[in-house]
Amino acid sequence: MRYVLTVVAVLGVALGIAGIAHGEADDSPGLQLLGVVLVIGAVVFGIRNLRGGS
């Protein structure tokens, strides 16, 4: 189960990076912000998952 959650975190980072890139292309600061928030959240979730936190 831990590996599945790690894969979900990696996919969240990828989706956030895609959101940032599309936000830059479309000149949309809101989409860029959502992408950054998604990347940060996915990284924090992934680190907590790998370290065994609750």
Side-chain angles (χ1 to χ4, degrees):
M1 183 69 174
R2 177 177 276 178
Y3 298 113
V4 173
L5 295 176
T6 304
V7 169
V8 169
V10 170
L11 290 175
V13 170
L15 185 62
I17 291 172
I20 293 170
H22 286 294
E24 288 179 5
D26 191 26
D27 198 24
S28 170
L31 183 57
Q32 290 176 2
L33 178 65
L34 287 175
V36 169
V37 169
L38 184 60
V39 167
I40 292 172
V43 167
V44 169
F45 176 75
I47 290 172
R48 288 184 67 191
N49 183 33
L50 289 175
R51 294 182 75 195
S54 52

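Fair warning: this is a prediction, and the values are worked out from it, not measured in the lab.
- Both Ile47 and Val13 sit in one connected hydrophobic cluster of ILVMFWY residues. Membership requires side-chain heavy atoms under 4.5 Å apart, directly or through other members.
- Both Ile40 and Ile17 sit in one connected hydrophobic cluster of ILVMFWY residues. Membership requires side-chain heavy atoms under 4.5 Å apart, directly or through other members.
- Across Ala42 and Ala9, no two heavy atoms sit closer than the pair CB-O, 3.5 Å.
- Criterion: ILVMFWY side-chain heavy atoms under 4.5 Å apart, direct or through other members. Under it, Val8 and Leu50 are not part of a common hydrophobic cluster.
- No continuous path of ILVMFWY side-chain contacts below 4.5 Å connects Val43 to Leu38, so the two sit in separate hydrophobic clusters.
- A distance of 9.5 Å separates CD1 of Ile20 from CG of Leu33, quoted to the nearest 0.5 Å.
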